[in-house]
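Step one of this worksheet: look at the structure below.
Every heavy atom of this structure was used, including side-chain atoms; hydrogens, water molecules and symmetry mates were not.
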Amino acid sequence: KMPKKIVRLTVSDVRFPTSLEQHGSDAMHTDPDYSVAYVVIETDQGMHGYGLTFTVGRGTEIDWTRERSHSVGHCGGPECSMGPLGTVRGQGETLEPLDQMLKEGYPAYTTSCAWLGYSDQLLKQLCTDALNDGWTKFKVKVGADLEDDIRRCSLIRQMIGPHNTLMIDANQRWDVGEAITWVTRLAEYKPLWIEEPTSPDDILGHAAISKALAPLGIGVATGEQCHNRVMFKQFLQASALQFVQIDSCRLGSVNENLAVLLMAHKFKVPVCPHAGGVGLCELVQHLILFDYISVSASLDNRMCEFVDHLHQHFRSPVVIQNAHYMPPKDPGYSCEMLESSVQTHQYPQGQVWKNLQ
């Protein structure tokens, strides 16, 4: 069999003007335009590979020069016919986790209702719609103004009731002492976790926050900015997080993510991946299904983030039913974008951006 040779590599700066409606707005990113550095590899035998790295717009200009297509996941040949559920098990092992995923899916939570820039009216409407659609787990962006956070968390808690799950996310906004003080003020709204309370590199700072908030029953979730397995190892060794948040683009390659899944299992810390953006839900669904089927076999305190934006631009968009990720049936890593979307959203020459000039 002749070896395949890469004959073409194309990189595109693809951006979506999400800032126009404040989608994705948080304490650190007040006007993000969700974007990707998108890579297509072609071989001399007509096969294609696709990869992407998510940014909030301006970051794509940096990624452009150093993009590594470690997310390449789909090709056209028969050797790629095995889907994501082709798990191999030893003799006598049960397939119950696989069967459960096929029937019920993996539990998700939504961040789409409470971006920081949303009005109260929109927030209420989105919460009402989400509850009607079966959502029971909600995340709220916090960190810019304490009194505003108190008001918004109170509003969300009233909307979702006392028994549904609430999480809060500060997107690295605070220092350690400020994080403890701020979250203590929000404790009455019973958040399950505070996400990214301080600098994502400050492992001992996260450990101090975790220790201080433990008596309040509030965990620390972080990891979406961790760029290798060694950082996760130290977070876990320091008891600095109670929820591991892997990111399918930030960690270089599937293998690096799998190493983190195995370490989290060893330390008995649940994995609740970061998703959203452009294509992150499509990518990370494969990792979290692998974690459940082949590593943890547990759904205790486990859920995967879902953000209801931009899925229509992918050839194999994520499928959500009853607030659960349904296992993808198409082969590959689900990161192939529609060519029409790539062309119209290329920055700055795409028609969408020309219309905004």
Side-chain angles (χ1 to χ4, degrees), residues 11 13-15 18 24 26-29 32-39 50-73 109 111 139 141 169-173 193 195-203 205-206 220-236 240-241 243-264 269-291 303-307 309-310 314 318 333-335 337:
V11 184
D13 183 351
V14 183
R15 306 191 191 189
T18 49
D26 59 47
M28 292 291 280
H29 312 98
D33 287 324
Y34 276 7
S35 310
V36 289
Y38 181 62
V39 176
Y50 305 89
L52 57 85
T53 289
F54 166 64
T55 81
V56 291
R58 289 176 290 273
T60 314
E61 294 157 21
I62 301 170
D63 278 326
W64 187 277
T65 59
R66 62 177 178 85
E67 167 68 13
R68 296 171 297 166
S69 53
H70 54 249
S71 296
V72 169
Y109 72 88
T111 307
K139 190 164 78 180
K141 295 292 184 175
D169 181 0
N171 290 94
Q172 318 155 39
R173 183 63 184 262
W193 74 53
E195 183 172 331
E196 288 201 310
T198 193
S199 166
D201 300 325
D202 189 357
I203 295 167
H206 278 81
V220 168
T222 195
E224 69 180 79
Q225 303 290 342
C226 289
H227 53 277
N228 62 42
R229 64 188 184 275
V230 177
M231 282 194 69
F232 277 105
K233 175 176 74 79
Q234 293 178 352
F235 268 107
L236 290 163
L241 45 65
F243 300 90
V244 168
Q245 294 183 309
I246 58 171
D247 181 279
S248 53
C249 283
R250 183 75 61 182
L251 284 176
S253 84
V254 172
N255 288 347
E256 196 85 355
N257 268 299
L258 297 187
V260 176
L261 296 179
L262 292 169
M263 286 190 293
V269 176
V271 177
C272 299
H274 170 249
V278 184
L280 299 186
C281 296
E282 278 69 24
L283 294 172
V284 81
Q285 63 180 334
H286 298 276
L287 300 174
I288 201 62
L289 288 169
F290 175 85
D291 179 55
M303 61 192 104
C304 187
E305 184 171 19
F306 176 71
V307 177
H309 304 310
L310 307 175
F314 286 83
V318 69
Y333 206 20
S334 307
C335 54
M337 299 185 73

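Between the side chain of N255 and the backbone N or O of L258 there is no donor-acceptor pair closer than 3.5 Å. Under the 3.5 Å distance criterion, the side-chain polar atoms of Q285 are matched with a main-chain donor or acceptor of E282. With Q225 contributing its side chain and D201 its backbone, the two residues share no donor-acceptor pair below 3.5 Å.
With respect to the salt-bridge test (charged N to carboxylate O, under 4.0 angstrom), the residues D33 and R15 do not qualify.
Side-chain contact check for V271 versus V260: every heavy-atom pair is 4.5 Å or farther apart. Contact of the V244 side chain with the L236 side chain is registered, since non-hydrogen atoms from C-beta on lie closer than 4.5 Å. Within the 4.5 Å cutoff, no side-chain heavy atoms of H286 are placed close to those of V254.
The line from CZ of F54 to SG of C249 is 8.5 Å long, rounded to the nearest 0.5 Å.
Here the closest heavy-atom approach between residue D247 and residue R250 is recorded as OD1-N, 2.7 Å. Between H206 and V220 the shortest heavy-atom distance is CD2-CG1, 3.7 Å.
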Hey, mind stepping through V307 and L280 against side chain to side chain contact (heavy atoms under 4.5 Å, CB included) and telling me if it holds? CA-CA 9 Å; V307 177; L280 299 186; over 6 Å; no

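Remark: Y109 engages W193 in a ring-ring contact (aromatic ring centres under 6.0 Å, His included) (not counting sequence neighbours).
The only member of H274, E195, E224, E305 that meets side-chain hydrogen bond (donor to acceptor under 3.5 Å, both in side chains) when paired with Q245 is E195.
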